[in-house]
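Comments concern the structure below.
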Amino acid sequence: MDTSNGVLLPFYDSDSNVVYLCGKGDSSIRYFEITAEAPFVHYLSTYSSKEPQRGMGFMPKRGLDVSKCEIARFFKLHERKCEPIVMTVPRKSDLFQDDLYPDTPGPEPALEAEEWFSGQDADPILVSLRDGYTPLKNRELKVNKKNILDNKPPTGPRRSYSSCDAGFSRVSLEDLVEEIKSLRATVESQEKRISDLENLLLELSNGTA
C-alpha cells in the first residue's frame, strides 16, 4: 500500500472502510478505501505538514463533531505539544449525514470478562450518532475529593495555664537563653579563628612568614 522509513502507525475506520497510514518520523498521513472488489485498495488522498510526528493518536467515532461532518480526528505528537488534526467531508446540507455516520461501537462491553474467558462471543453494542453521542448516566465518572479541613481538630476554648505549666515554661525559656549565649560565644570564637587563619594565609602568600 505504501512505503515509509519510519515505524508504521495504521488506523482503520470500520464504519467508512478507510485505513489511515501514519509513520513515526513522517510528516504525512495517507488514507485508502478498502472494498470487497479488486483491486480492493483505493488511494484517496494525503495530508501533509512540515513537522514530522513523534506519535499519533486516533479519536473514537463517538468523539467526533457530527455537525461539521468530521470523519476523523488525529492527535499528532510533537516534541513539546500535541496537535489535533481534523478531517471533514464537505457537505452543503446541515442535516445529519447517515452515510457518514452509521451506528458505531459504543463504550458498553458486549460481554463480561468471565463470559469471554468461557468461550462466548458477541457483536459490539452499537450506538447512534444522530444527536451526538451522549454517555449513559451510569458510566459517569465520579471523583470524591476529601476535604482536609474535615480532619482539623475541634475548635474550643483555650486551656488556661496552670502553675506547673508556668514553671515548666520558665525553665525551658531559661535553658534556651543559656543555649543561645553558648552558641553565640562559639560563633565568635570560630570567627576569630577564621580571621587568624586568613591573616596567616595572607602572610604565607606574601612570603613574610
Side-chain angles (χ1 to χ4, degrees), residues 1-36 39-113 115-117 121-146:
M1 295 178 65
D2 195 12
T3 58
S4 176
N5 295 327
V7 179
L8 180 64
L9 302 173
F11 299 95
Y12 178 63
D13 181 8
S14 58
D15 296 337
S16 57
N17 295 325
V18 175
V19 59
Y20 301 88
L21 298 183
C22 314
K24 187 175 182 180
D26 198 358
S27 59
S28 61
I29 303 174
R30 301 170 180 85
Y31 38 106
F32 306 80
E33 183 180 7
I34 309 298
T35 61
F40 307 109
V41 179
H42 305 271
Y43 171 77
L44 295 178
S45 184
T46 299
Y47 168 84
S48 299
S49 60
K50 296 181 180 180
E51 298 182 8
Q53 56 250 11
R54 292 176 174 265
M56 192 72 72
F58 190 65
M59 170 69 75
K61 210 60 173 293
R62 58 182 181 272
L64 304 181
D65 189 350
V66 298
S67 64
K68 297 180 180 179
C69 296
E70 183 181 359
I71 61 171
R73 186 189 306 171
F74 294 89
F75 294 96
K76 180 179 178 179
L77 182 62
H78 295 265
E79 183 177 0
R80 295 185 178 181
K81 66 178 181 178
C82 185
E83 175 191 4
I85 299 176
V86 177
M87 296 187 177
T88 59
V89 175
R91 294 289 174 89
K92 294 182 179 180
S93 176
D94 294 334
L95 302 177
F96 179 76
Q97 307 297 319
D98 299 86
D99 58 329
L100 297 181
Y101 303 105
D103 291 348
T104 188
E108 297 296 326
L111 293 174
E112 297 294 337
E115 297 173 343
W116 187 79
F117 279 116
D121 195 7
D123 294 331
I125 300 177
L126 304 180
V127 295
S128 175
L129 301 178
R130 176 172 294 274
D131 299 324
Y133 175 70
T134 303
L136 300 178
K137 292 184 178 180
N138 57 2
R139 297 286 298 183
E140 292 181 355
L141 179 62
K142 295 182 179 180
V143 179
N144 295 325
K145 295 184 178 180
K146 295 183 179 180

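Just so you know, these numbers use all the heavy atoms, side chains as well, and skip hydrogens, waters and symmetry mates. Computed from a prediction, not measured in an experiment: that's the story for all the values here. Position 1 is the first residue of the sequence; numbering continues from there.
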ask   = What pair of heavy atoms forms the shortest contact from Pro105 to Leu126, and how long is it?
value = N-CD2, 3.6 Å
query = Looking only at heavy atoms, what is the nearest atom pair of Ile125 and Pro109, with distance?
reply = CD1-O, 3.6 Å
ask   = Taking C-beta and beyond as the side chain, do Pro107 and Arg62 meet within less than 4.5 Å on heavy atoms?
value = yes
ask   = Are Gln53 and Phe74 side-chain neighbours, meaning at least one heavy-atom pair lies under 4.5 Å?
value = no
inquiry  = Is the shortest side-chain heavy-atom distance between Val86 and Lys68 below 4.5 Å?
reply    = no
Residue pair Asp15 / Pro102: nearest heavy atoms and the distance that separates them = CB-CG, 3.8 Å
inquiry  = So Pro124 and Thr104, do their side chains get closer than 4.5 Å, heavy atoms only?
reply    = no
remark   = Here the gap from Arg30 atom CZ to Leu21 atom CG, rounded to the nearest 0.5 Å, amounts to 8.5 Å
request  = Taking salt bridge (charged side-chain N to carboxylate O under 4.0 Å, His left out) as the test, write out the residues that go with Arg130, two or more places apart.
outcome  = Asp98
query = Can you tell me if Ser27 uses its side chain to pair, donor with acceptor, with the backbone of Glu51 under 3.5 Å?
reply = no
query = If you round to the nearest 0.5 Å, how far is OG1 of Thr35 from CG of Asn17?
reply = 8.5 Å
query = Considering only heavy atoms from C-beta outward, does the side chain of Pro52 approach that of Asp26 to under 4.5 Å?
reply = no
query = Do Asp99 and Arg91 touch side chain to side chain, with heavy atoms closer than 4.5 Å?
reply = yes
inquiry  = Between Tyr20 (side chain only) and Leu9 (backbone N and O only), is there a donor and an acceptor less than 3.5 Å apart?
reply    = no
key: Non-neighbouring partners of Asp121 that pass salt bridge (charged side-chain N to carboxylate O under 4.0 Å, His left out), sequence neighbours left out   = none
key: From CA spacing to verdict: side-chain contact (heavy atoms from CB on, under 4.5 Å), Glu83, Ser49   = CA-CA 11 Å; Glu83 175 191 4; Ser49 60; 5.9 Å; no
key: Distance-minimising heavy-atom pair for Phe96 and Leu129   = CE1-O, 3.1 Å
note = One should read off an interatomic distance between Phe117 CZ and Glu112 CD, to the nearest 0.5 angstrom, of 12.0 Å
task = Drop me the distance from Leu77's CG to Met56's CE, to the nearest 0.5 angstrom.
result = 9.0 Å
task = Locate the shortest heavy-atom distance separating Phe58 from Ala72; write the atom from each residue and the value.
result = CE1-CB, 4.0 Å
query = Could you state the interatomic distance from CE (Met87) to CG (Asp13), rounded to the nearest 0.5 Å?
reply = 11.5 Å
query = Which value, rounded to the nearest 0.5 Å, describes the distance between Leu44 atom CG and Ser16 atom OG?
reply = 9.0 Å
request  = Check Tyr31 against Tyr47 and note the closest heavy-atom contact, atom names and distance.
outcome  = CE2-N, 4.1 Å
key: Close side-chain approach of Gln97 and Val89, heavy atoms under 4.5 Å   = no
key: Contacts of type side-chain contact (heavy atoms from CB on, under 4.5 Å), residue Ser67, not counting sequence neighbours   = Asp65
ask   = Heavy-atom distance under 4.5 Å between the side chains of Ile34 and Tyr12, does that happen here?
value = yes
